[in-house]
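Down below is the structure, laid out as structure tokens.
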Number of protein chains: 2
Amino acid sequence: MRKIYTPSSAASDVLEVIQILEGRWKLLILFHLFDGKVQRYSDFEKLIPGISQKMLAQQLRKLEADGIVARKVYPQVPPKVEYRLTDWGQALCPALDALLSWAEQKDHFAPPAS
Amino acid sequence: MRKIYTPSSAASDVLEVIQILEGRWKLLILFHLFDGKVQRYSDFEKLIPGISQKMLAQQLRKLEADGIVARKVYPQVPPKVEYRLTDWGQALCPALDALLSWAEQKDHFAPPAS
DNA sequence: CGGGATCCACAAGGATACTG
DNA sequence: CAGTATCCTTGTGGATCCCG
């Protein structure tokens with residue numbers, strides 16, 4: 001088994017990852033951003049069933065504050081706001097991809113007990 | 001940019017990943033398990049500052065229920081319990097590793113504004 | 001040693017109403 | 001359209017006590 005980190009370096013990194021990605025909605029929002037077709041506030045509302053306006057706005061702003069997501073406001077009426085990943089946010093893609101691959105492998109390791 | 005998933009397949013996978021890894025402690029526990037030196041309940045208590053007994057036991061049991069962690073009880077007095085990763089749990093290693101690498105790259109993308 | 005049970009405080013989150 | 005403000009319910013997590 002691979003040793004995943006050196007104790008001296010990664011303690012704070014782990015905490016940072018947890019803080020940044022914590023919550024029921026962050027990953028969902030990010031996955032839609034990676035999908036590339038979703039940039040508008042109302043798109044998220046449609047594609048993430050069950051999320052409230054409050055949570056959506058709040059989590060988007062947290063992601064923005066953490067430097068994962070960039071928010072671009074077009075000064076027009078009606079308002080238009082686009083969300084996109086920052087460079088650092090895009091760098092997260094392989095990790096989230098690995099996470100999804102892992103989830104897909106579940107049945108390989110734990111065959112549905114029949 | 002890479003397309004990270006096909007909309008048809010991954011919606012439930014995303015939700016599963018979120019459910020399994022959600023919380024302030026799960027990743028911390030897992031990282032210590034990957035480190036390989038921690039298998040005992042009391043080890044986690046020492047190495048994860050601030051975690052309460054309740055949370056530690058609860059999260060360990062959730063990880064166990066989700067098939068990530070295996071719990072082995074030695075029938076002796078005083079009791080001895082060892083935690084280890086299941087095969088599926090070990091398969092999570094690359095993904096968590098990628099997550100850590102990503103965190104480490106932060107300064108590369110967002111140099112500390114001086 | 002490795003927890004379970006209980007109580008409690010606070011924070012997270014949902015519903016609704018309103019706005020530039 | 002893209003939110004904010006408010007209220008209120010629920011969940012999360014800590015502290016404490018207890019047990020095999």
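Protein chains get the first letters and strands the later ones, always in sequence-line order, with residue 1 at the start of each. Since we're looking at a predicted model, the values are computed, not measured.
- The CD-P distance, from A/Glu22 to D/dT12, rounds to 11 Å in whole Å.
- Using cut-offs of 30° and 60° on the angle between ring planes, the pair B/Trp88 and A/Trp102 is parallel.
- Minimum atom distance to the side chain of B/Arg61 is reached by C/dG4, of the listed C/dG14, C/dG4, D/dG3.
- Residue order along DNA chain C, read from the 5' end via each residue's closest nucleotide, puts A/Trp25 first among A/Pro79 and A/Trp25.
- For B/Glu64 and C/dG2, the CD to P distance is 15 Å, given to the nearest whole Å.
- Set against D/dA2, C/dG4, D/dG14, the side chain of A/Val81 has D/dA2 as its closest nucleotide.
- Distance CZ (B/Arg71) to P (C/dG3): 4 Å, rounded to an integer number of Å.
- At the phosphate of D/dG14, OP1 or OP2 sits under 4.0 Å from a side-chain N or O atom of B/Arg24.
- Put simply, the side chain of A/His32 does not reach to within 4.5 Å of the side chain of A/Ile29, judged on heavy atoms.
- Using a 4.0 Å heavy-atom criterion, one finds that B/Tyr83 contacts the sugar-phosphate atoms exclusively.
- Straight-line distance from the CD1 atom of B/Ile48 to the P atom of D/dG13: 13 Å, rounded to whole Å.
- Along DNA chain C, the nucleotide closest to B/Arg40 and the one closest to A/Lys62 are compared, and the more 5′ of them pairs with B/Arg40.
- Across the protein-nucleic acid pair, B/Leu56 atom CG and D/dT12 atom P stand 17 Å apart, rounded to whole Å.
- A donor-acceptor contact under 3.5 Å is formed by the side chain of A/Gln53 with the base of C/dA17.
- Residue A/Ser42 places at least one side-chain N or O under 4.0 Å from the OP1 or OP2 atom of D/dA2.
- Sequence order on DNA chain D of the closest nucleotides to A/Val73 and B/Ile51 puts A/Val73 first from the 5' end.
- Judged by distance alone, with hydrogens and angles left aside, the side-chain atoms of A/Lys26 form a donor-acceptor pair with the main-chain N or O of A/Ile20 at under 3.5 Å.
- Note: CD (A/Gln59) to P (C/dA12) measures 10 Å, nearest angstrom.
- Using a 4.5 Å heavy-atom cutoff, the side chains of A/Glu22 and B/Glu22 are not in contact.
- Taking atom OH on B/Tyr41 and atom P on C/dG3, their separation rounds to 6 Å, with Å as the unit.
- Residues A/Leu99 and B/Asp13 have side chains not in contact (no heavy-atom distance under 4.5 Å, counting atoms from C-beta outward).
- Atom C1' of nucleotide D/dT16 and atom CE of B/Met55 are separated by 14 Å, given to the nearest angstrom.
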